[in-house]
Amino acid sequence: LKMSWFWFYLPLRLLMAACLCHSIKDPTTSSQQSFKTDLFNFYHSLILADGKETTVHLLKDIPRRYYFVLEEGRALAPFTITVTPCDVPIEWSILVHKASASFLGKAARGDHDTQEVSKSQKASSMVSTIFNYKGNSVETYMGMSSHSALYMLEFLSTERDTHITVYLTTDTTSGHLYPELPMDPRIDVIGIGHTTVTLTWKHSPSVLQHRENIQYCLLVNEKHNYKSLCAAETAIRSSGMKLPPTLALSLSPYLLEPQQVMILSNSELSIINRVSSGEVRQICMGTKNTYTVPNLSPSTQYYFDVFVVNLLTNASAAYTGTFARTLEEPEPKVMELKDGKVIQVVLDGKKQKFYSLQYQARHKKIQFTFQLCRGQVRVHITKNGKTVASENVSELRYFSLKGKLLDTYLVQLRSTEETNSSVKVQVSPHFHKPLFPLLPESLKIKSFSKLRTCNSVTIAWLGTQEESKYCVYKKKIEEDQVWMELRSADRCSGPESRHKSEKVLCKYFYDINLQRAVTTETIKGLDAGTLYLFDVYLFGPSGIPVRYHSKVVKTRKRC
């Protein structure tokens, strides 16, 4: 307490010293004028502004003190002080000196004498602590003040450097800086799904009175609840996250860069900050007091905080946070595979979920066949719970596996692209006649630039050692259609999906020597300077076609 008295009297003594300097009849002495100015600046830097929110930066274990006094002539008047810790718990207290304000007023006018100074220095018994708090919650003190009292606020952080906000007001007749909370400030969880949680809360009285200037903002994270908005934003910044300028919409002014302008919309706005501890999601939904949070992960605990925000001042008040755990993801439906039967599976690229197929072996040797129709697919195969194959499939792929009778195989398929993928799947005994044709080393079609003319092109493709049927199709396309045609091509679709006019020819060929298993074809009757899309279909013994990679060739414009 002795130390507190010392700090109470320090600004008074400095102020008196400044006033004594002012009373010396030598105004030409520049050092005295400078000393007087410095002392007055020091004193006024410690005065807490009335009616404004002040940001105070605290260094570890170093107290920070601020003073305030009522204007002279005011009788007993109420005042409130709100302190918001923005990080770690802090200690803060309010001390009062009941006879210092009148002296302060006289000293500021230079109207003092030696006896008064002496009395003030000996009045230690008049200093008392009227409030003390330790923690990281937003705390408000309400009291009655006399103009004859000087107040000191002392703040201390014992954990690490931090910052807080302090709001003092002696005007209780005007509107509140901070929005009001309802009598019951709890958030209720009224619905929980696998990827959603529905919340509701009681309306703030401020929303009902000033709907156009107030909005609700929700904070979602996987770590813990936050007792203030500035505490949440401090946590985001300390994790190394920096919002890009286009998304730097802040709910507290100190998060904004000086040159930025804060823009808030009445429509719903979401900002997702990816930090080391997971996602921190900010959602502002206007004045709606019921909200369903989408796109959550199954079987995950989330913490939810609702803040009511004054759009004019950026001040906010926090509801009592809550938490909820999303439901476990249901086991995916498993489709049974049967010997020799082909199924086609469409995979959702956005959800990135596995599609499961199960097969119980009736033979020791089996073969899985995957024909990719569109996109790219990840294939994962387990036998009795142990992985036996896992890779990306981009064309036709066989997996020959050996095991025991009644072994259980689980096939999991997932699209590796954001767009949908499609694949055909078949399982059969290893000795079973293959459903798909024998494939060449490459399914690429080659064109010969030197053999191009104004009305013909020459293409070539590889064959196999097995006599097979090959059919060639052509299609006119425009320059801006090339990418889409190649991207959207369904490699599982056969010639039945093509127009009859697009068919060029069908032919059979093979060669025992793979080095010579190449065929060429010159397609005539084309238009000059025109783009054509060429496709080759390979038919095996079962009649199921395999489509080569499409080739785009342009005829010469002049010959």
Side-chain angles (χ1 to χ4, degrees), residues 329-439 443 468-469 487-498 535 537-549:
E329 190 169 17
E331 290 293 326
K333 294 181 180 179
V334 179
M335 180 178 289
E336 294 287 337
L337 284 172
K338 296 181 179 180
D339 282 333
K341 185 179 179 181
V342 178
I343 65 168
Q344 184 167 345
V345 179
V346 178
L347 304 170
D348 191 329
K350 291 183 179 180
K351 293 185 178 180
Q352 293 287 300
K353 290 185 177 180
F354 278 101
Y355 190 96
S356 298
L357 306 169
Q358 187 171 291
Y359 173 74
Q360 191 168 45
R362 294 175 174 81
H363 304 274
K364 292 183 178 179
K365 294 181 179 180
I366 61 170
Q367 179 174 270
F368 286 97
T369 304
F370 299 90
Q371 183 191 16
L372 189 70
C373 305
R374 183 181 285 113
Q376 191 173 55
V377 172
R378 181 73 181 179
V379 175
H380 186 82
I381 305 175
T382 61
K383 181 179 69 175
N384 301 328
K386 294 183 178 180
T387 300
V388 292
S390 184
E391 65 178 68
N392 290 343
V393 172
S394 56
E395 291 183 352
L396 186 65
R397 182 74 168 87
Y398 298 97
F399 293 93
S400 297
L401 304 173
K402 185 177 180 180
K404 300 177 182 178
L405 292 176
L406 302 181
D407 277 347
T408 300
Y409 293 87
L410 182 67
V411 178
Q412 291 183 304
L413 307 170
R414 177 176 62 84
S415 174
T416 61
E417 300 180 351
E418 292 186 359
T419 55
N420 290 356
S421 296
S422 177
V423 62
K424 283 184 177 180
V425 184
Q426 184 215 34
V427 62
S428 63
H430 194 65
F431 55 83
H432 192 275
K433 187 176 181 180
L435 188 66
F436 294 91
L438 183 66
L439 295 181
L443 290 174
S468 301
K469 179 182 177 182
R487 178 76 177 176
S488 62
D490 185 352
R491 296 192 288 279
C492 291
S493 63
E496 69 277 0
S497 63
R498 307 293 294 261
D535 287 302
Y537 295 91
L538 164 61
F539 293 86
S542 66
I544 292 183
V546 172
R547 183 176 180 175
Y548 282 64
H549 297 302

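We're numbering straight along the sequence, starting at 1.
The two residues P545 and G494 have their closest heavy-atom pair at CG-CA, 3.8 Å. The heavy-atom pair separating R547 from S493 by the smallest distance is NH1-OG, 3.6 Å. The minimum heavy-atom distance linking I544 with P437 is given by the pair O-CD, 3.6 Å. In this structure, F368 and L337 approach most closely via the heavy-atom pair CE2-CD1, 4.0 Å. L405 and K364 get closest at one heavy-atom pair: CD2-N, 4.1 Å.
The side chain to side chain contact (heavy atoms under 4.5 Å, CB included) check on K424 picks up V342, Q344, Q371, C373, C492, with sequence neighbours excluded. With sequence neighbours left out, the side chain to side chain contact (heavy atoms under 4.5 Å, CB included) criterion links D339 to Y359, R362, H363, P429. Applying the ring-ring contact (aromatic ring centres under 6.0 Å, His included) rule to F539 yields no partners; only residues at least two apart in sequence or on another chain are considered.
Salt-bridge check for D535 with R498: passed, with a basic side-chain N closer than 4.0 Å to an acidic carboxylate O. By the 4.0 Å N-to-carboxylate-O rule, E395 lies too far from R491 to be salt-bridged with it.
The closest side-chain heavy-atom distance from V377 to L372 is below 4.5 Å. Looking at heavy atoms from C-beta onward, T387 lies in side-chain contact with H380 at the 4.5 angstrom threshold. Contact annotation: the side chain of V345 approaches that of I343 to within less than 4.5 Å [non-hydrogen atoms, C-beta and beyond]. Side-chain contact between N384 and T382 is absent, with no heavy-atom pair separated by less than 4.5 Å. Using a 4.5 Å heavy-atom threshold, the side chains of D407 and L401 count as separate. Taking 4.5 Å as the limit, some side-chain heavy atom of V546 sits within range of a side-chain heavy atom of L443.
With 3.5 Å as the limit, one finds a donor-acceptor pair spanning the side chains of S400 and Q367. Neither side chain, S415 nor R378, offers a donor N or O lying under 3.5 Å from an acceptor on the other.
For the atom pair CG of L347 and CG of L413, the computed distance is 6.0 Å after rounding to the nearest 0.5 Å. Annotation: the span from L357 atom CG to M335 atom CE amounts to 7.0 Å, rounded to 0.5 Å. Here the straight-line distance linking atom CD of Q358 with atom CG of L410 works out to 6.0 Å at 0.5 Å rounding. In this structure, CD1 in I366 is found 8.5 Å from NZ in K383, a value given to the nearest 0.5 Å. Separating the CZ atom in F370 from the CD1 atom in I381 is a distance of 4.0 Å, to the nearest 0.5 Å. Annotation: the span from R414 atom CZ to S421 atom OG amounts to 10.0 Å, rounded to 0.5 Å.
Judged by distance alone, the side chain of T408 and the main-chain N or O of Q360 form no donor-acceptor pair under 3.5 Å.
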